[in-house]
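Report on the structure given below.
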Amino acid sequence: MRLVAPVAALVAAAVALTPAAPAQAAAPTVKISRIWYDSPGSPDFGANSSLNGEYVQIKNTGRSAVKLSGWTVRDETARADHVYTFGDVTLKAGKTVTLRTGRGRDTATTLYWGRSGGTLAYIWNQVKDTGYLRDARGRLVHKCSYNSSRTAYKDC
């Protein structure tokens with residue numbers, strides 16, 4: 001009977017020192033919801049209408065607005081001209097903003113990358129690529145990859 005108390009104390013101490021199970025990482029409230037990577041009519045010579053036919057959509061699934069100022073979207077390449085940086089944009093709760101590759105006039109729901117110059121102006125590869133969404137500090141918020149020529153878009 002004398003050993004019961006010390007054993008119980010050791011078990012209690014071991015339980016107290018056991019690390020807690022890691023908490024599940026919270027799902028991002030702002031995420032890439034779709035990449036339309038094969039614009040209608042492409043390949044062509046990079047006409048603005050075709051460039052704007054490819055886009056990425058960013059959705060706020062949270063309950064409060066998120067300021068996207070300084071956030072970035074990019075694809076898999078390391079080219080600096082494949083990085084889009086958000087200006088003074090606030091994405092309201094439950095809303096989506098569409099970022100089109102070509103040129104146009106920004107609105108509350110549609111932004112334009114501003115690219116032109118032929119076939120090299122496209123951002124999204126037609127078969128395989130990854131989109132990355134990073135916050136203003138450069139931390140990865142969400143990514144979406146696709147690897148298919150059977151469809152023209154990927155829902156993320």
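Remark: side-chain polar atoms of Asp38 are not paired, donor with acceptor, to backbone N or O of Gln126 under 3.5 angstrom. Although no hydrogens or angles enter the test, the distance criterion places no donor-acceptor pair under 3.5 Å between the side chain of Thr29 and the main chain of Thr61.
For residues 133-152, every residue pair satisfying the ring pair (Phe, Tyr, Trp, His ring centres under 6.0 Å) rule, not counting sequence neighbours, is listed here: Tyr37-Tyr146. Pairs passing the salt bridge (charged side-chain N to carboxylate O under 4.0 Å, His left out) check and including a residue from residues 132-148, sequence neighbours excluded, read Asp135-Arg139.
Taking the centre and axis of the six-membered ring of Tyr55, the NZ or CZ atom of Arg100 falls inside the cone set by 45° and 6.0 Å.
The shortest side-chain heavy-atom distance between Val73 and Phe86 falls under the 4.5 Å cut-off. Proximity of Asn60 to Lys95: side-chain heavy atoms (C-beta onward) are nowhere separated by under 4.5 Å. Side chains of Ile35 and Asp129 form no contact here, defined as non-hydrogen atoms less than 4.5 Å apart. The shortest distance between side-chain heavy atoms of Tyr122 and Arg115 does not fall below 4.5 Å. In this structure, Val127 and Asn147 have side chains that are in contact, with non-hydrogen atoms separated by less than 4.5 Å.
Looking at residues two or more places apart in sequence or on another chain, you find a side-chain hydrogen bond (donor to acceptor under 3.5 Å, both in side chains) between Lys67 and Asp88.
Ring geometry for Trp124 versus Trp113: interplanar angle over 60°, hence perpendicular rather than tilted (30 to 60°).
Criterion: ILVMFWY side-chain heavy atoms under 4.5 Å apart, direct or through other members. Under it, Val141 and Leu91 are part of a common hydrophobic cluster.
For the side-chain contact (heavy atoms from CB on, under 4.5 Å) with Trp71, the qualifying choice from Val66, Ile58, Val89 is Val66, the only one to do so.
More than 12 heavy atoms of other residues, nucleotides or ligands lie within 6.0 Å of OH in Tyr132, so this atom counts as buried by the packing criterion.
A donor-acceptor pair shorter than 3.5 Å cannot be found between the side chains of Gln57 and Thr96.
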